[in-house]
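Below is one structure, written out as structure tokens, with a few remarks after it.
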Amino acid sequence: MLASLAFLAALLLQDPAPAPTLFVGDPAPPFRVERFLRGEPCAELAKGRVYVIEFWTAWCGPCIAGMGHLDGLQRELGARGLTVIGVAPRPDEWGHDPDAIAALLAAKSAHSYALALDAEGDSPAGYQGVFHGRTIESWMGAARVGAVPIAFVVDRQGFVAAIAPPLEIDGVVRACLDGTFERAKAAAAYRELLGARAQLAELGVQLAAGEREFARALSEELLAGPLWNDARYLGSLAASWYDAGAQGAELELALRALRRADALSGSNDPGTLGLLARLLLLDGEHEEAARAEAQAVALAEGGLRAALEKDYGALLARTASAAVRAPEDAAGALLAAFERAPLVGLAEHHRRAEVHEFLLALVDHPRFGSLVDDVVVEFGNARHQELVERYLAGADVPRAELARVWRDTTQWLMWDSPLYERFFERVRARNLARPVEQRVRVLLGDPPIRWEDVHGAADYRAFAARDAHYAALVEREVLAKGRRALLVTGSAHLQRRGPTGVTLPGGKSAAELLDERHPGALFVAWTLAADAAQAAELGLTHAPALRLLAGDALAQQSFALVAPRGIQIQVAGKWQPLGELAWPPLGEMVDALVYLGPQDTQVDAEPALYRDAAYQAELRRRAAILKEVYGMDFLSELEQQLAAPH
């Protein structure tokens, strides 16, 4: 997307087959047009003159922006034997029609070079299904060039001297006029250049496959070769890295390529300057970026100018929102997501203190009660919904009775950490301090299992579909009632999809189910692991910090970057870590990244809790049932807790 905005009309529709049949050094093809729209008609290309045959369309912003350059070339060198002819293809469905052409000619009344409408072509579909006309087919089609504007320079002897964007032909034109042009040398250089361009297609393949080291090596090889003198394809190389979310050395490489492209085009190409402005903005060079953007806008016209301004403004806003935030700002930024979606999911790392500190910062935020109606938590048995509502409303609920909310879930020892009890305490305290209309309801999202009625695996399995239960609860109690909810649940339940081509055990996640039934209703904030190096690579150097992915180039990178660690699954009979699998892009999986610092402070339960005879006996009973279901020894964790010092 960003590449197409930067090179709006340089479509780069390269078709690998058939191979080109027209090269630099070949005789120029016949020149046949229907009629001249402006300037002196030219029936054929006469020997003894130098010609520039340029192909353009009315929908091509860079074509229109470059007309002034061709006009200047004709005015300066016409008396020395130069004839510039702009050839418009036949009308198309993209907005290149007689009215658009007439309006453009009226606006460009001062231009001195000739403009012609191409003759009817032999192919009803036109060249590449886009460009229609006889000269288009015999020049662009034969050379297999798919981007406009494109210029063919014809020397005094009638041979093709250059095939390049108009901004890059001045040197060849002058050499042809003064007799210093070396045709054989130019022909050899052009064929070498075509080979380098073919390699550029491999760059996109490697980036799509996540082979970034290989892609970097290939890019350096291309820059060191003939591509170094090809502005358009240098721009394509830079755009490929930009779309892939280049950072660090990758961003430096993209900037090097694009600065060279800008130099080759004499800083007169608005597309190149527009992309350069964005790369500079990502690199933190705000003043230089602003200058490049201003120059791009000054050169552009119409739709291209509007696109450049809009895209730069959007990126400017995104880079500001992606900046490191103070703790209260990170919480506020996440709460602001409720302005775009009724459901905001926060991926919880179980028992991690830093996650719960951020969760409490959300609960404490001044806007929490006005933006959030409900909090749907994984760590509570839905059977005790009425109990927790009484507690949050201020009723006197004995602690032993309240503890059943998190102790009686389908999970093993998971929620005994004091972090979960502290959450309920904080919500209660804040509710009692807020106006009634801003008090928040907590919905318990684990299935309503009655352990006293569970005597074996079959009884337990009736409550094992946790994601389906959670999603149905959100639909029934939140979405159906027009409410807004913060969803606090483990990261696996907020993954919108699994690895590419792999079916994860347990079926669809709650996020996947909600997305299918209510597209656009869920915003997912993915909590990063405690890894400062990884966070820095993602542009997050302080904590807490939140980075929105909408429109961010980072969204195109693989979700493998942030996939849960320490988890392996079987793929084709082999155990593999989740992070080593192929994943969809980040932006398709989650909507924001949350970094809470390099610490992973685990807060476990007090071992004394398990020395209570009644609770210990019940846990041992549950362990036997869970082993029957999952085939795992659950008792070992309990024994470790009991062996801990008093």
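Since we're looking at a predicted model, the values are computed, not measured. Along the sequence shown, residues are numbered consecutively beginning with 1. Computation of the quantities below employed the complete heavy-atom set of this structure, encompassing side-chain atoms and omitting hydrogens, waters and symmetry-equivalent molecules.
Checked against the 6.0 Å centroid threshold, Phe423 and Phe379 count as a close aromatic pair.
Considering only heavy atoms from C-beta on, Leu586 stays 4.5 Å or farther from Gln556 through its side chain. Side-chain contact between Pro598 and Asp531 is absent, with no heavy atoms from C-beta onward closer than 4.5 Å. Two residues are said to be in side-chain contact when any heavy atoms from C-beta on lie closer than 4.5 Å; Leu487 and Leu514 meet this criterion. Using a 4.5 Å heavy-atom cutoff, the side chains of Asp604 and Asp416 are not in contact.
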Check the pair Asp552 / Arg547 against salt bridge (Lys or Arg N to Asp or Glu O under 4.0 Å), numbers first and verdict last. CA-CA 9 Å; Asp552 192 327; Arg547 181 167 184 171; 2.8 Å; yes

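In terms of heavy atoms, Asp374 sits closest to Glu477 at OD2-O, 4.0 Å. Closest heavy-atom contact between Ala521 and Ala341: O-CB, 3.5 Å. Annotation for Ala525 and Val594: closest pair CB-CG2, 3.9 Å, computed over non-hydrogen atoms. Looking at every heavy atom in both residues, Arg434 comes nearest to Arg439 through O-NE, 3.4 Å. Contact record, Arg352 with Leu528: NH1-O, 3.2 Å, taken as the closest heavy-atom pair. Listed here is the closest heavy atom pair of Leu549 and Ala555: O-CB, 3.5 Å.
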Enumerate donor-acceptor pairs with a distance under 3.5 Å from any side-chain N or O in residues 392-403 to protein atoms, sequence neighbours excluded.
unit_1 : atom_1 : unit_2 : atom_2 : d
Arg399 : NE     : Glu421 : OE1    : 3.4
Arg399 : NE     : Glu421 : OE2    : 2.9
Arg399 : NH2    : Glu421 : OE1    : 2.7

All N/O donor-acceptor pairs, side-chain side in residues 630-638, below 3.5 Å, sequence neighbours left out:
unit_1 : atom_1 : unit_2 : atom_2 : d
Tyr630 : OH     : Tyr460 : OH     : 3.3
Asp633 : OD1    : Leu635 : N      : 3.2
Ser636 : OG     : Asp633 : O      : 3.3

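Residues passing the salt bridge (charged side-chain N to carboxylate O under 4.0 Å, His left out) test with Arg466, sequence neighbours excluded: Glu378, Asp446. Remark: Glu252 engages Arg256 in a side chain to side chain contact (heavy atoms under 4.5 Å, CB included) (not counting sequence neighbours). Checked against ring-ring contact (aromatic ring centres under 6.0 Å, His included), Phe559 has the following partners two or more places apart in sequence or in another chain: Trp526, Trp583.
Side-chain atoms of His356 do not come within 3.5 Å of backbone N or O of Arg351 as any donor-acceptor pair. A distance-only check finds a donor-acceptor pair linking the side chain of Thr527 to the backbone of Ala347 [under 3.5 Å]. The backbone N or O of Trp451 lies less than 3.5 Å from a partner atom in the side chain of Arg621, making a donor-acceptor pair. Checked by atom type and distance alone, the side chain of Gln557 pairs as donor or acceptor with a backbone atom of Gly245 at under 3.5 Å. The backbone N or O of His455 sits less than 3.5 Å from a side-chain atom of Asp459, completing a donor-acceptor pair. For the pair Ser509 (side chain) and Gln495 (backbone), a donor-acceptor distance under 3.5 Å is present. In this structure, the side chain of Arg484 engages the main chain of Leu371 through a donor-acceptor pair within 3.5 Å. Although no hydrogens or angles enter the test, the distance criterion places a donor-acceptor pair under 3.5 Å between the side chain of Gln385 and the main chain of Leu444. Remark: side-chain polar atoms of Gln534 are paired, donor with acceptor, to backbone N or O of Leu561 under 3.5 angstrom.
Between Arg620 and Glu639 there is a salt bridge, since a side-chain N of the basic residue sits under 4.0 Å from a carboxylate O of the acidic one. Of the charged side-chain nitrogens involved, at least one lies within less than 4.0 Å of a carboxylate oxygen, so that Asp408 and Arg622 count as a salt-bridged pair. Salt bridge annotation for Glu516-Arg496: absent, with no cationic side-chain nitrogen under 4.0 angstrom from a carboxylate oxygen. By the 4.0 Å N-to-carboxylate-O rule, Arg340 lies too far from Asp591 to be salt-bridged with it. The existence of a salt bridge linking Arg428 and Glu425 is excluded, since no basic side-chain nitrogen approaches an acidic carboxylate oxygen closer than 4.0 Å.
Figure legend: Arg278 and Tyr312 shown without cation-pi pairing, the cationic atom not lying both under 6.0 angstrom from the six-membered ring centre and within 45 degrees of its axis.
Pairs engaging residues 381-400 under the ring-ring contact (aromatic ring centres under 6.0 Å, His included) rule: none recorded [sequence neighbours left out].
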